[in-house]
There are 2 protein chains.
Amino acid sequence: MLKIGELASLAGVSRDTLRFYEKHGLIIPNQRTESGYRLYSNIDVERISFIVSAKEVGFTLNEIHQLLELEVTKDKKSCQDVKEFVDNKITIVNQRLLEIEKIKHSLQTLSDACCGGDEPATQCTILGALNEQAR
Amino acid sequence: MLKIGELASLAGVSRDTLRFYEKHGLIIPNQRTESGYRLYSNIDVERISFIVSAKEVGFTLNEIHQLLELEVTKDKKSCQDVKEFVDNKITIVNQRLLEIEKIKHSLQTLSDACCGGDEPATQCTILGALNEQAR
DNA sequence: ATAAACCTTGGAGTATAGTCTAGAGTCAAG
DNA sequence: CTTGACTCTAGACTATACTCCAAGGTTTAT
């Protein structure tokens, strides 16, 4: 069991952020000490690390909340709902993957190609690099 | 040459957003009509589309601004600076790629595996699916 | 046993990225 | 030649996601 400061430094977020996430339902307070101190478990560590990752790739806290609440019980209705929601997110994620790959390549082009090489000057900006690979 | 409304609907952003980006130096006003209407060129279309993409994968407008301002002239100093900055961004982008792949796989697991299959119930949440692939 | 370091709540403040409104001018179609 | 759709500026407002502060209680190290 971890206290808030311990979880915070473990997860690389601030104590305030953890309390903020709790207030918004992203982490569920498990337990408190007699004096009211929050106590966190390994599950919370996982949740926070998921939240941080998902946020970094562009999901809002609201979307993350929905993702965390998903739970497929094996009856068909819940399955249908979850599948629809999740497949939607997969589409978004795939688009983001393509975009991030494109940006990565153009960054790479920018980093590699323009240092004393004889590439045309058009390649030596991010937009130039982006266009280069579009060809 | 496009008027603001035309560029806006082409790029899928609002007119206000375009003016906002201009105010913050992300797009440079090229030209105005005599009556003061903004006129945009193809270069602006590219810039906006870059901004939108970069934003979607988690860059802030500030970072995007810096990326757009990068321009390697072939002297060594500018090269050094740009390379450092860009390589930094590439590291970040690579981390994001890994994270987004991980999330994608767990979404896929969630979508595929839990609909009437005989997987354990632990796999039927996003965290369960994430852990599954960690093994 | 007392100071430093931690925790609590509630509420105010901040940064980012828009979004909306008002009041006025411009342009194209009927 | 006026109506409707568009544009302009400046400034107020909003949502999201924190971040900080005050005033107080708790724990731990010396």
Side-chain angles (χ1 to χ4, degrees), chain A residues 1-41 44-45 47-69 89 92 96 99, chain B residues 1-41 44-45 47-69 89 92 96 99:
Chain A
M1 286 289 157
L2 303 163
K3 279 188 286 180
I4 196 163
E6 295 165 334
L7 177 55
S9 63
L10 212 95
V13 300
S14 74
R15 280 169 287 227
D16 276 327
T17 298
L18 291 178
R19 286 186 280 250
F20 176 82
Y21 287 168
E22 180 179 324
K23 202 163 74 187
H24 289 74
L26 287 154
I27 36 176
I28 304 113
N30 323 28
Q31 258 183 287
R32 299 278 184 126
T33 65
E34 271 176 43
S35 51
Y37 285 21
R38 289 169 179 81
L39 289 174
Y40 297 94
S41 71
D44 297 306
V45 180
R47 280 180 88 93
I48 298 295
S49 117
F50 175 75
I51 294 168
V52 170
S53 293
K55 229 169 50 62
E56 259 165 21
V57 300
F59 286 108
T60 65
L61 292 187
N62 229 303
E63 291 173 308
I64 294 167
H65 190 29
Q66 290 178 297
L67 284 169
L68 283 170
E69 294 236 304
K89 294 295 169 203
I92 292 168
R96 254 169 228 175
E99 265 154 19
Chain B
M1 288 289 156
L2 302 163
K3 279 188 287 179
I4 197 164
E6 295 165 334
L7 176 56
S9 62
L10 213 95
V13 301
S14 74
R15 279 171 288 229
D16 278 327
T17 298
L18 291 178
R19 286 188 279 251
F20 177 81
Y21 287 168
E22 180 179 323
K23 201 162 76 187
H24 290 73
L26 287 154
I27 36 176
I28 304 113
N30 323 29
Q31 258 183 287
R32 299 277 184 127
T33 66
E34 271 175 42
S35 50
Y37 286 19
R38 289 167 180 82
L39 289 175
Y40 297 95
S41 70
D44 297 306
V45 180
R47 279 179 87 93
I48 298 295
S49 117
F50 175 76
I51 295 167
V52 170
S53 294
K55 231 169 50 62
E56 259 165 21
V57 300
F59 286 108
T60 64
L61 291 188
N62 229 303
E63 291 173 308
I64 294 167
H65 190 30
Q66 291 178 297
L67 284 170
L68 283 169
E69 294 235 305
K89 294 295 169 203
I92 292 168
R96 254 170 227 174
E99 265 153 20

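Every chain is numbered from 1, with letters handed out A, B, ... down the list of sequences.
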Where does the chain A footprint on DNA chain C start and end, counting 5' to 3' with a 4.0 Å heavy-atom cut-off?
C:dC6 to C:dT9
Check the interface with nucleotides 24-30 of chain D: list each N/O to N/O pair with the protein under 3.5 Å, or write none.
residue	atom	partner	partner atom	Å
D:dG25	N2	A:Y37	OH	2.6
D:dT26	O4'	A:Y37	OH	3.2
D:dT26	O3'	A:S35	OG	3.4
D:dT27	OP1	A:S35	OG	2.8

State, yes or no, whether a side-chain contact exists between A:L68 and A:I51 at a heavy-atom distance under 4.5 Å.
yes
With a 4.5 Å limit on heavy-atom distance, are the side chains of A:V45 and A:L2 in contact?
yes
At a heavy-atom distance below 4.0 Å, what parts of residues 52-67 of chain A sit against DNA chain C?
none
Contacts to DNA chain C from residues 15-28 of chain B, heavy-atom cutoff under 4.0 Å, which residues?
B:D16, B:T17, B:F20, B:Y21
Among all residues two or more places apart in sequence or in another chain, which pass the side chain to side chain contact (heavy atoms under 4.5 Å, CB included) test with [X]?
{"X": "B:R15", "value": "B:I4, B:A8, B:R19"}
{"X": "A:T60", "value": "A:N62, A:E63"}
{"X": "A:F20", "value": "A:H24, A:L61"}
{"X": "B:S9", "value": "none"}

When rounded to the nearest 0.5 angstrom, what distance separates CG in A:L18 from NZ in A:K3?
14.5 Å
One should read off an interatomic distance between B:L67 CG and B:F50 CZ, to the nearest 0.5 angstrom, of 5.0 Å
Quick one: salt bridge (Lys or Arg N to Asp or Glu O under 4.0 Å) partners of A:R38, sequence neighbours excluded?
A:E22
Pairing residues for A:K55 by the salt bridge (Lys or Arg N to Asp or Glu O under 4.0 Å) criterion, not counting sequence neighbours:
none
Using a 3.5 Å cut-off and no angle test, enumerate the donor-acceptor pairs between side-chain atoms of residues 26-33 of chain B and protein atoms at least two apart in sequence or in another chain.
residue	atom	partner	partner atom	Å
B:N30	ND2	B:S41	OG	3.3
B:N30	ND2	B:D44	OD2	2.9
B:R32	NH1	B:G36	O	2.9
B:T33	OG1	B:S35	N	3.3
B:T33	OG1	B:S35	OG	3.0
B:T33	OG1	B:G36	N	3.4
B:T33	OG1	B:Y37	N	3.0

Those residues that, when tested against B:F59, pass ring-ring contact (aromatic ring centres under 6.0 Å, His included) (two or more places apart):
none
Distance in angstrom units between A:I4 CD1 and D:dT19 P, rounded:
14 Å
